[in-house]
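Computed from heavy atoms alone, side chains included, the values below leave out hydrogens, waters and symmetry copies.
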Amino acid sequence: MSEELIGKLKQAVIDGEPEDAEIFAKQALDQSVDPLDCINLGLTPGIQEVGELFSKGDYYLPELIIGADAMKAALDILEPALVSGQEREVVGRVVLGTVAGDLHEIGKTLVGTMLTANGFLVTDIGVDQNSEAFVAAIKENKADIVGASALLTTTMLQQKKLIEALESAGIRDSVKVMIGGAPVTDLYAQEIGADGYAEDAISAVDIAYRLMDAPV
Ligand code: B1M
């Protein structure tokens with residue numbers, strides 16, 4: 001039953017059906033299907049397939065948009081189930097956003113949800129945020145970690161600019177930098193002087209714990 005529902009969630013994203021995605025997400029929770037399995041085995045492969053169809057020219061921008069809408073509709077149902085009942089001490093404060101020129105929000109939001117579920121206090125500043133906005137939010141929230149997401153090869157460069165802005169603002173030594181997003185690699189993170197790179201939302205939690213010197 002859970003495999004069937006997970007398959008339906010995947011298909012709802014590929015077909016761009018937000019209402020179906022919402023219904024299947026609710027059914028999954030009613031049937032105690034693990035919300036993380038719904039995301040990792042259903043929604044994520046679904047949106048990846050949408051991306052592949054877009055690359056091949058079989059899908060166009062509208063399909064990309066409604067695929068993302070379907071994924072977001074399901075995540076709105078599933079994400080609260082990931083964070084509920086998690087009363088615990090704050091491990092660290094994180095400012096999280098997607099860099100300037102980049103509108104991709106789903107992966108960044110998922111990272112925020114997983115960090116919140118694991119004891120971090122997350123301030124999500126949203127998408128298309130320039131370095132100045134990151135710096136202001138870091139200062140305002142006394143962040144231990146700043147997380148910058150980039151999904152485009154063109155906007156990855158903004159992650160480097162962010163690190164330069166932290167240096168100019170004199171706060172580079174007081175905040176750890178974690179970066180991620182589909183085109184980003186560990187090597188790139190090392191090259192630009194980031195403190196950590198995470199491939200997905202689950203490993204982002206491990207990296208954030210490591211950056212806080214906290215036991216996992
Ligand atoms: Co866009 N898009 N998109 N898109 N889009 C990609 C990224 C692309 C690979 C699709 C493709 O061609 N196959 C391609 C980029 C090519 C490149 O640069 N090499 C692309 C393109 C070209 C574009 C436009 C330029 C299209 C156009 O206008 N012609 C345009 C750019 C707009 C802009 O940003 N300025 C565009 C627009 C959009 C939409 C707005 C329509 C929509 C986003 C809607 C939204 O977010 N509200 C969209 C979508 C949905 C995608 C794909 C299909 C899916 C992205 C997604 O949500 N994935 C994507 C193809 C793909 O990724 N396979 C694509 C699901 C999500 C869970 O995964 O975001 O990778 P992801 O996040 C993961 C990890 O990367 C990691 O953890 C997350 C969870 O596991 N992670 C972090 C992410 N951030 C992290 C931060 C961390 C740590 C880990 O620490 C801080």
Q: Backbone N or O of E19 within a donor-acceptor pair of the E22 side chain at under 3.5 Å?
A: no
Q: Indicate yes or no: does E191 engage K160 in a salt bridge with an N to O separation below 4.0 Å.
A: no
Q: Is atom CZ of R93 surrounded by more than 12 heavy atoms (other residues, nucleotides or ligands) closer than 6.0 Å?
A: no
Q: Looking only at the side chains, is there a donor atom on one of D200 and S203 sitting less than 3.5 Å from an acceptor on the other?
A: yes
Q: Is Y188 reaching over with its side chain to a backbone N or O of Y197, donor-acceptor style, under 3.5 angstrom?
A: no
Q: Of the non-hydrogen atoms in I145 and A208, which two are nearest, and what is the gap between them?
A: CD1-O, 3.7 Å
Q: Do the side chains of L121 and V205 join up, straight or via other hydrophobic residues, at under 4.5 Å, putting them in one cluster?
A: no
Q: Can you tell me how far the CD atom of E79 sits from the CG atom of L36, to the nearest 0.5 Å?
A: 10.5 Å
Q: Whether the side chain of R172 engages the backbone of V175 through a donor-acceptor N/O pair (distance < 3.5 Å, no angle test) should be reported.
A: yes
Q: What's the separation between atom NZ in K10 and atom CG in L5, rounded to the nearest 0.5 Å?
A: 15.0 Å
Q: Do M71 and L61 share a hydrophobic cluster (ILVMFWY, side-chain heavy atoms under 4.5 Å, transitive)?
A: yes
Q: Output yes when E52 and K56 qualify as a salt bridge under the 4.0 Å nitrogen-oxygen rule, no when they do not.
A: no
Q: When you measure from the side chain of S2 to the backbone of V33, do you find a donor-acceptor pair of N or O atoms at a distance under 3.5 Å?
A: no
Q: Return yes when atom CG of D30 has more than 12 non-hydrogen atoms of other residues, nucleotides or ligands closer than 6.0 Å, and no otherwise.
A: yes
Q: Do you know the tightest heavy-atom contact between A73 and P18?
A: CB-O, 3.6 Å
Q: Under a single-linkage definition using a 4.5 Å side-chain heavy-atom cutoff for Ile, Leu, Val, Met, Phe, Trp and Tyr, are L78 and V111 assigned to the same hydrophobic cluster?
A: yes
Q: Which atoms form the tightest heavy-atom contact between I207 and A198, and what is the distance?
A: CG1-CB, 4.1 Å
Q: With a 4.5 Å heavy-atom cut-off, do V91 and Y209 have their side chains touching?
A: yes
Q: Check whether more than 12 heavy atoms from other residues, nucleotides or ligands sit under 6.0 Å from atom CD of Q48, and answer yes or no.
A: yes
Q: Mark yes or no for whether D102, through its side chain, and L151, through its backbone, hold a donor-acceptor pair below 3.5 Å.
A: yes
Q: Taking the side chain as every heavy atom from C-beta outward, state whether L75 and T109 have any atom pair closer than 4.5 Å.
A: no
Q: Do any N or O atoms from the side chain of D195 and from the backbone of V177 form a donor-acceptor pair under 3.5 angstrom?
A: yes
Q: Can you check side-chain contact (heavy atoms from CB on, under 4.5 Å) on D20 and K8, steps first, answer last?
A: CA-CA 8 Å; D20 286 355; K8 284 181 173 175; over 6 Å; no
Q: I'd like to check D124 versus K108 (side-chain heavy atoms, cut-off strictly below 4.5 Å). Are they in contact?
A: yes
Q: Counting distance only, does the side-chain N/O of Y59 pair as donor-acceptor with the main-chain N or O of I14 below 3.5 Å?
A: yes
Q: Does anything in residues 135-146 form a side chain to side chain donor-acceptor pair (under 3.5 Å)? List the pairs, not counting sequence neighbours.
A: T123-N141
Q: Testing the basics here: between A70 and V13, what is the closest heavy-atom pair and its distance to 0.1 Å?
A: CB-CA, 3.9 Å
Q: Is L103 reachable from L152 through a run of I, L, V, M, F, W or Y residues, each pair having side-chain heavy atoms under 4.5 Å apart?
A: no
Q: Only distances under 3.5 Å count here; give the side-chain donor-acceptor pairs of residues 126-136 to other protein atoms, sequence neighbours excluded, each with its distance to 0.1 Å.
A:
{"unit_1": "D128", "atom_1": "OD1", "unit_2": "G101", "atom_2": "N", "d": "2.7"}
{"unit_1": "Q129", "atom_1": "NE2", "unit_2": "I125", "atom_2": "O", "d": "3.1"}
{"unit_1": "Q129", "atom_1": "NE2", "unit_2": "V127", "atom_2": "O", "d": "3.0"}
{"unit_1": "N130", "atom_1": "OD1", "unit_2": "E132", "atom_2": "N", "d": "3.3"}
{"unit_1": "N130", "atom_1": "OD1", "unit_2": "A133", "atom_2": "N", "d": "2.9"}

Q: Tell me whether V95 is reachable from L115 by hopping between hydrophobic residues (I, L, V, M, F, W, Y) whose side-chain heavy atoms are closer than 4.5 Å.
A: no
Q: Does Q159 use its side chain to pair, donor to acceptor, with the backbone of G180 at less than 3.5 Å?
A: yes
